[in-house]
Colleague: 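Following this message is one structure expressed as structure tokens.
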Amino acid sequence: MGKERKVILSGNRPTGRLHIGHLFGVLGNWAQLQSEYDTYFEVADWHALTTRYQDTASMKKDIEDMVIDWLSAGISPEKSVIFVQSHIKEHAELHILFSMLVSLSRLLRNPTLKEYVAEKQTLKLKTEKKTLNKIAENITQKVFSEGEKREEVLKGKIKEHVLSELQGIFSQDTEIPYGEIVNYGFLGYPVLQAADILIYRAHVVPIGKDQLPHLELTREIARRFNFLYGEVFPIPEPVLNEFAKVPGTDGRKMSKSYNNTILIGEDTKDLKKKIMSAYTDPKKIKKNDPGHPDTCPIFHYHMIFNKENSDMIKEECIKGIRGCVQCKKEVFEKIDAFMEPYREKRYELEEKRELIWDIIKEGDKKAREKTKETMELVREKMKIDY
RNA sequence: AGGCCUGUAGCUCAAUUUGGAAGAGCACCGGACUCCAAAUCCGGCGGUUGGGGGUUCAAAUCCCUCCAGGCCUGCCA
């Protein structure tokens, strides 16, 4: 072994094919880090199970599709360790040991968990709003059905008040329905994540801002372990990956759940359809209306795929001498050409999916070496190495 | 183990009280309008009402049973 290189762990839940948001975000970042660090990239299938435990049929294919995109984005099996979480049982062992070091209240305080539950909650409230509206309507109707007739205005006002009272009552009931939503595994998610990171004794973890609270827990666990049993783990540092967000075809953040993605290696036909039906500046109704390129996803794509012309395009759009159809056609050509090598790579690997699993097998082997070593150290320090 | 609640379109839910043509919103697809898209307006797709049995002229609705999920109270260790 030559000079000691710092260790990086990162990973993703296998969600199938990735999109250009991933490509210009996390994947580009990973590809660069490979040459400076010992990089471990984890296919986090156990993490995926915490919310997808009922629907596991496509997991294998989703792993294959994701790893294909990793490889075409320049993640190299020679430089990095690409492994599947569930193949390395040591993760589970360390998770169990760590689970003793974390209090229940600490996990319930987890902002990610709270956010997740709140999101489900507001979804429910939104649909309940219509029901509340109906109740308010009925009450108002009853009040006025007998006795004198009042003006519609007064009726409307009373309904408004009844509605706001009802909403107040319902929103006061803030008891969180953990039961239906959160299982044991989901609660322990950040503890498993801590095990993932620390078992490789990673120094650096590239993450998004939303993952910071999770890494904080990882650091707490590492410190607690080191204090109780002796130094084993480095305290990992976060590296925030901040890149310009790639907007989706509807102008919102690109995300699979919004159904607004452009896939890595998207085929020509689908790409054309997606680009031509993409959202543009709603203020630009007529072809020669002045546009607002900064809020137009198509212009964002020009900046990425057609950078050399983007200044000119911006000017023409603002001046109103450029139509959206022309703009879309041009950017489509650029993206289409850009995708070609990715398509070839995907085509090649899709034919031989067992090749993916060979690569994973190699990665697993290397990952296991490291995790075995860590676990021996952990058991020894904990004095449970009997 | 006992008590209570829930299961209806891809999602969230109405219709169950009082048996009488299975519905809405969102999502999706198509059309109109747009240079395109969005917004808006039209239209369409979508169902073994968790499964099975029974009562009835007629069952999402009532009865029995099984399955699945949730809440509460216990039991064993």
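Residue numbers start from 1 in every chain, and the chains themselves are labelled A, B, ... in the order their sequence lines are given, proteins ahead of strands.
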Colleague: Taking the C1' atom in each of B:G69 and B:A59, what is the distance between them to the nearest angstrom?
Modeller: 24 Å
Colleague: Using the P atom as the point on both nucleotides, what is the distance between B:U18 and B:U61, in whole Å?
Modeller: 15 Å
Colleague: Expressed as a whole number of angstroms, how long is the span from A:Q54:CD to B:G50:P?
Modeller: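 Rounding to the nearest Å, CD of A:Q54 and P of B:G50 are 17 Å apart.
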Colleague: Could you list the cluster mates of A:I318? Members are the ILVMFWY residues connected by side-chain heavy atoms closer than 4.5 Å, either directly or through other members.
Modeller: none
Colleague: Please identify each residue that fulfils side-chain hydrogen bond (donor to acceptor under 3.5 Å, both in side chains) with A:R252, with sequence neighbours left out.
Modeller: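 A:R252 satisfies side-chain hydrogen bond (donor to acceptor under 3.5 Å, both in side chains) with A:D250 only.
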Colleague: Let me have RNA chain B in dot-bracket notation, would you? Count Watson-Crick plus G-U wobble pairs, both distances under 3.5 Å, and use [ ] for pairs crossing earlier ones and | for inter-strand partners.
Modeller: (((((((..((((......[..)))).(((((.......))))).....(((((..]....))))))))))))....
Colleague: Could you state the atom-to-atom distance from CG of A:N259 to P of B:A37 in whole Å?
Modeller: 17 Å
Colleague: For A:R343 and A:S72, which I'm curious about, is there any donor-acceptor pair between the side chains at under 3.5 Å?
Modeller: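 No pair is found: no donor N or O on one side chain lies under 3.5 Å from an acceptor on the other.
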Colleague: Report the hydrophobic cluster partners of A:Y279, with the cluster defined as I, L, V, M, F, W, Y residues connected by side-chain heavy atoms closer than 4.5 angstrom, directly or transitively.
Modeller: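 Noted: A:Y279 shares its cluster with no other residue.
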Colleague: If you group Ile, Leu, Val, Met, Phe, Trp and Tyr whenever their side-chain heavy atoms sit less than 4.5 Å apart, what else falls in with A:I313?
Modeller: A:F299, A:M303, A:M312
Colleague: Between A:H214 and A:Q193, do the side chains contain a donor N or O and an acceptor N or O under 3.5 Å apart?
Modeller: yes
Colleague: Atom OH of A:Y258 and atom P of B:A38: how far apart are they, to the nearest Å?
Modeller: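 The distance from OH of A:Y258 to P of B:A38 comes to 18 Å, rounded to the nearest Å.
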Colleague: Near RNA chain B, under 4.0 Å by heavy atom, which residues of residues 324-338 of chain A?
Modeller: A:C324, A:V325, A:K328
Colleague: Name all pairs fulfilling the ring pair (Phe, Tyr, Trp, His ring centres under 6.0 Å) condition that reach into residues 340-361 of chain A, sequence neighbours left out, sorted by first residue then second.
Modeller: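 Sorted pair list: A:F338-A:Y342.
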Colleague: When the C1' atoms of B:A14 and B:U8 are compared, how many Å lie between them, rounded to an integer?
Modeller: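 Those two atoms are separated by 10 Å.
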Colleague: Enumerate the residues from residues 266-296 of chain A whose closest heavy atom to RNA chain B is under 4.0 Å, giving them by residue number; use none for an empty result.
Modeller: A:M276, A:S277, A:A278, A:Y279, A:T280, A:D281, A:P282, A:K284, A:I285, A:K286, A:K287
Colleague: Check the surroundings of atom NZ in A:K272: do more than 12 heavy atoms from other residues, nucleotides or ligands lie under 6.0 Å from it?
Modeller: no
Colleague: Hydrophobic side-chain clustering at under 4.5 Å (ILVMFWY, transitive links): who's grouped with A:L263? Put none if nobody.
Modeller: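 None, because no other hydrophobic side chain comes under 4.5 Å of this residue.
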Colleague: Applying side-chain hydrogen bond (donor to acceptor under 3.5 Å, both in side chains), can you list everything that pairs with A:D62, at least two apart in sequence or on another chain?
Modeller: A:R52, A:S58
Colleague: Under the rule for side-chain hydrogen bond (donor to acceptor under 3.5 Å, both in side chains), what residues qualify as partners of A:K334, not counting sequence neighbours?
Modeller: A:E308
Colleague: Roughly how many Å apart are B:C63 and B:G25, using the P atom of each and rounding to a whole number?
Modeller: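 B:G25 and B:C63 have their P atoms separated by 32 Å.
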Colleague: Tell me whether the rings of A:F83 and A:Y40 are parallel (<30°), tilted (30 to 60°) or perpendicular (>60°).
Modeller: perpendicular
Colleague: Taking B:G54 as the reference, what is the distance to B:A15 when you measure between their C1' atoms (whole Å, please)?
Modeller: 24 Å
Colleague: Considering only atom P, compute the distance from B:U49 to B:A22 and round it to an integer number of Å.
Modeller: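 Per the computed distance, 11 Å lies between those P atoms.
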Colleague: In whole Å, measure the gap between the C1' atoms of B:G20 and B:C62 for me.
Modeller: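 Approximately 14 Å lies between the C1' atom of B:G20 and that of B:C62.
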Colleague: Ignoring hydrogens and geometry, is there a side-chain-to-backbone donor-acceptor pair from A:K256 to A:T15 under 3.5 Å?
Modeller: yes
Colleague: Take atom NZ of A:K89 as the centre, draw a 6.0 Å sphere, and report whether it contains more than 12 heavy atoms from other residues, nucleotides or ligands.
Modeller: yes
Colleague: Got a sec? Which of residues 246-254 of chain A come in under 4.0 Å of RNA chain B, heavy atoms?
Modeller: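 Nucleic-acid contacts, sorted: none.
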Colleague: Could you check how far NZ of A:K256 sits from C1' of B:A27, rounded to whole Å?
Modeller: 17 Å
Colleague: Rounded to whole angstrom, note down the P distance from B:A24 over to B:G46.
Modeller: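 Looking at atom P only, B:A24 and B:G46 are 14 Å apart.
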